[in-house]
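Encoded as structure tokens, the structure appears first; notes follow it.
The chain is numbered in sequence order, starting from 1. FYI, side chains are in, hydrogens and waters are out, and symmetry mates aren't considered; it's all heavy atoms of this structure. The structure presented is a predicted model; accordingly, all values stated were derived computationally and were not measured.
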Amino acid sequence: MANAAPSTEKTVRITLVKSPIGYSKRHKATVQALGLRRMNQTVEQIDTPTLRGMLAKVAHLVEVEEI
């Protein structure tokens, strides 16, 4: 695992809890860019200001848990 995050970096766990069907293309693209493809899928991402901005755009579709 060469791309594993160092333990000093904060990560967040993101789960898609609502379908982006019926929302704008920008919202769908943001969900896909987060690495989410299907309902109830969970991914872990490194917490950055860019990521927080993406999460703010689709906050109504995802659930965020800080690790």
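Annotation: the span from Thr48 atom OG1 to Glu9 atom CD amounts to 9.5 Å, rounded to 0.5 Å. The structure places NE2 of His27 at 15.0 Å from CD1 of Ile21, a figure rounded to the nearest 0.5 Å.
Side chains of Val62 and Val17 form no contact here, defined as non-hydrogen atoms less than 4.5 Å apart. The shortest side-chain heavy-atom distance between Ile46 and Lys10 does not fall under the 4.5 Å cut-off. Inter-residue side-chain proximity for Arg37 and Val31 is flagged as unmet; no heavy-atom pair is nearer than 4.5 Å.
Glu44 CD: more than 12 foreign heavy atoms inside a 6.0 Å radius.
For His60 against Lys18, the heavy-atom pair with the smallest separation is O-CD, 3.9 Å. When all heavy atoms of Leu16 and Arg38 are compared, the pair lying nearest together is CD2-O, 3.6 Å. Among all heavy-atom pairs drawn from Leu61 and Ser19, the shortest one is CD2-O, 3.7 Å. The two residues Gly35 and Val43 have their closest heavy-atom pair at O-CG1, 3.6 Å.
The only option from Thr15, Leu55, Leu51 that meets the side-chain contact (heavy atoms from CB on, under 4.5 Å) definition with Val64 turns out to be Leu55.
Checking side-chain atoms of Gln45 against main-chain N and O of Leu34 turns up a donor-acceptor pair under 3.5 Å. The backbone N or O of Lys28 sits nowhere less than 3.5 Å from a side-chain atom of Gln32 that would complete a donor-acceptor pair.
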